[in-house]
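Notes for the one structure printed next.
Quick note: numbers below take in every heavy atom, side chains included, and nothing from hydrogens, waters or symmetry partners. If you read the sequence from its start, that first residue is 1, and numbering goes on from there.
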Amino acid sequence: MTIVLTPYWINGVQKLKVAQSPKPKRGLVPPVLDESVHALRCLSQLRSKDKSIEKYIYLSALKEQDPNMFYKLCLENMSEFTPIIYTPTVGDACLQYSHIYRRPEGLFISIKDKGKIREVISNWPRIDEARISVVTDGSRILGLGDLGVNGMPISIGKLSLYIAGAGIRPESTIPICLDLGTNTQKYLDDPLYLGLRQTRVPEQEMTEFMDEFMHEMSVAFPKLMIQFEVLHSTLATLALIDWRLIYALSFRKDFSTDNAFRYLERYRNKYPVFNDDIQGTGAVVLSGFLNAAKLSSAASGQPLTSHRILFFGAGSAGVGVAQQLMSFFTLQGFSKEEARRRIWLVDSQGLVFNARGRLAEHKKYFSRDDYNGAPMTNLVEIIKYVKPTALLGLSTITGAFTADVIQTMASINARPIIFPLSNPVRLSECSFADAVQYTSGSVLFASGSPFPDQEFRGTTLYPGQGNNMYIFPGLGLAAILGRVSSVTDSMVEASSLGLADSLTAEERAQGLLYPRIERIREISAQIAKAVIRAAQRDGVDRNESLRAMKDDDLVRLIRRKMWTP
Ligand SMILES: NC(=O)C1=CN([C@@H]2O[C@H](COP(=O)(O)OP(=O)(O)OC[C@H]3O[C@@H](n4cnc5c(N)ncnc54)[C@H](O)[C@@H]3O)[C@@H](O)[C@H]2O)C=CC1
Ligand SMILES: CC(=O)C(=O)O
Ligand SMILES: [Mg+2]
């Protein structure tokens with residue numbers, strides 16, 4: 001017989017539950033084991049490890065063996081834990097997944113399961129309890145390229161943040177990795193690689209697979225919300241375009257050519273689906289930008305409508321954020337067309353403009369029609385031409401914001417907004433230290449992964465972390481409690497405005513753009529309330545009992561529903 005020992009706590013004393021026997025067995029735990037002392041023991045074991053990947057492995061084991069202790073410590077030490085269980089260390093965990101793998105966690109569905117996905121899903125042990133799933137195909141995790149099945153840790157890591165950050169019950173979460181092959185030769189050649197040894201399947205086959213997957217998921221888990229963590233080959237390039245805009249702009253023909261738009265429309269309207277890299281990132285950046293723009297405008301004396309935003313990187317995240325940042329201008333009374341004209345994109349070939357030639361579909365909407373000169377590839381030159389108040393990096397190009405770039409931004413702005421958002425840390429377009437140094441401390445800064453505080457002329461300056469981790473826990477909780485049938489654009493926008501409003505007076509006085517991550521539960525409750533209200537306005541809420549509730553009562557109910565370790 002296999003004996004499974006599960007630790008739990010009674011009055012601060014650890015007991016072990018043995019599988020098949022609910023009773024704790026005397027003699028199977030040390031005589032003196034106090035919960036608060038054990039918490040210190042766990043932290044000291046964690047802190048004794050030099051390498052962050054070892055800390056990751058230790059915490060993974062702790063989560064498996066004693067989930068209550070793991071989440072308790074996580075909540076009490078959010079700023080220490082998130083860089084380990086999430087970016088940047090989760091990036092290393094993905095890169096090394098096939099080498100550090102110890103035990104199965106989550107659900108793996110491969111292209112070989114096509115036609116029998118239902119069977120695989122039915123093996124999940126907690127079908128009735130499932131509420132949130134993070135699904136990746138490993139095609140672009142952080143900025144690390146095509147990781148194939150090594151992408152599983154991102155689904156696991158994001159769900160740990162759902163649990164810690166919004167109190168989603170651990171048993172309600174399903175990390176999923178879809179194995180559709182990988183185009184990274186290094187993994188195909190690696191004898192330890194855990195995935196299929198084949199290159200990615202053609203788009204048509206992936207689409208058939210995805211249709212079957214989505215259908216079977218909705219049948220097996222009628223109460224589930226799915227968060228996509230980039231499905232690059234099809235969905236990402238799709239989901240980043242607001243489909244109503246596409247219709248308005250008659251892109252329909254182009255889209256039906258590659259069959260892409262059809263799938264987005266089908267999934268978005270049919271299932272509660274949300275794309276974290278596009279919508280979550282868009283929402284978190286809009287939120288930080290709202291706060292930064294106010295500070296920047298206060299310093300320059302220019303109105304909020306005068307902001308000009310330059311994106312360095314025009315992929316799924318870059319264009320997704322650009323799309324969401326249009327709300328910044330429409331909230332100030334601009335039309336969509338006026339908002340669009342405040343945004344410039346740069347990709348690997350430089351400034352994106354119509355006369356440059358053939359453009360990828362998703363870049364067309366923001367492509368400039370007011371520049372007809374020679375291709376412009378030098379970022380400093382582009383900055384001098386565009387005169388942006390804000391420079392946002394979603395390019396995966398380490399150090400792209402050089403001293404020259406940052407100084408040029410500082411020379412045209414009293415308080416330049418510089419957001420190097422690429423993950424993990426080593427792919428960031430610049431560090432906080434450089435941004436502070438080259439702007440003499442005037443920078444309004446947020447990065448995708450965490451950077452340390454900086455002392456500058458006797459003052460401590462704090463970097464913001466513009467990462468979708470602030471958004472998705474609260475959005476997911478709202479989707480569960482509101483039992484939403486789909487995730488609308490207004491719900492995503494509401495999550496962003498909810499986050500922007502959640503800063504305390506003290507946080508604002510310190511010049512923060514985002515609230516302290518230690519307050520994540522409180523922030524998630526506020527975001528969830530805002531999102532539920534937006535779902536109600538859009539009529540996609542199926543839990544009608546929340547409609548008549550006053551805001552305070554709704555927030556109290558949300559807090560009560562949060563699982564606490
Ligand atoms: N902070 C956050 O919450 C999030 C950050 N990201 C980060 O954004 C980055 C980009 O992600 P995706 O858009 O999905 O990737 P992607 O591969 O779709 O896009 C990358 C973009 O960068 C451009 N680029 C590449 N080389 C360049 C160069 N030398 N000069 C100028 N542009 C160049 C490409 O043309 C492309 O437009 C990743 O590092 C990812 O970690 C993504 C999602 C969330
Ligand atoms: C944060 C995130 O989702 C990314 O970098 O892809
Ligand atoms: Mg991502």
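Within 6.0 Å of the CZ atom in Arg169, the count of heavy atoms belonging to other residues, nucleotides or ligands does not exceed 12. With a 6.0 Å radius and a threshold of 12 heavy atoms from other residues, nucleotides or ligands, Arg103 has its CZ atom above the threshold.
Expressed to the nearest 0.5 Å, how far CD1 of Ile397 lies from CG of Leu427 amounts to 8.5 Å. With values rounded to the nearest 0.5 angstrom, Leu295 atom CG is found 7.0 Å from Asn291 atom CG. Asn543 CG to Ile532 CD1: the interatomic distance, rounded to the nearest 0.5 Å, is 8.0 Å. Note: Ile343 CD1 to Gln323 CD = 8.5 Å, rounded to the nearest 0.5 Å. With values rounded to the nearest 0.5 angstrom, His38 atom NE2 is found 5.0 Å from Met69 atom CE. How far CZ of Phe81 is from CG of Leu73: 4.5 Å, rounded to the nearest 0.5 Å.
Between Arg126 and Glu171, none of the side-chain N atoms (NZ, or NE/NH1/NH2) sits under 4.0 Å from a carboxylate O, so this pair counts as no salt bridge. Between Arg140 and Glu229 there is no salt bridge, since no side-chain nitrogen of the basic residue lies less than 4.0 Å from a carboxylate oxygen of the acidic one. A salt bridge is defined here as a Lys NZ or Arg NE, NH1 or NH2 lying under 4.0 Å from an Asp or Glu carboxylate O, and Arg47 with Glu80 meets this definition. We find that Glu105 and Lys63 are joined by a salt bridge, their nearest charged nitrogen and carboxylate oxygen being less than 4.0 Å apart.
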Note to self: The test is salt bridge (Lys or Arg N to Asp or Glu O under 4.0 Å); show your working for Glu507 and Arg519 and say whether it passes.
What the structure shows: CA-CA 11 Å; Glu507 286 165 343; Arg519 295 199 302 110; 2.6 Å; yes

Next item on the list: Determine, stepwise, if the pair Phe274 / Phe228 fulfils ring pair (Phe, Tyr, Trp, His ring centres under 6.0 Å).
Entry: CA-CA 6 Å; Phe274 151 69; Phe228 280 129; 9.8 Å; no

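Cation-pi contact between Arg516 and Tyr462: present, with separation from the ring centre below 6.0 Å and deviation from the ring axis of at most 45°.
A donor-acceptor pair shorter than 3.5 Å can be found between the side chains of Glu493 and Ser327.
Taking every heavy atom of both residues into account, Glu429 and Ser422 meet most closely at OE2-OG, 2.7 Å.
Taking the side chain as every heavy atom from C-beta outward, Asp128 and Phe221 never approach each other to under 4.5 Å.
Checked against Leu554 for a side chain to side chain contact (heavy atoms under 4.5 Å, CB included), the options Arg547, Arg533, Arg559 give a single hit: Arg533.
Taking the ring centroids of Tyr514 and Tyr470, they lie under the 6.0 Å cut-off.
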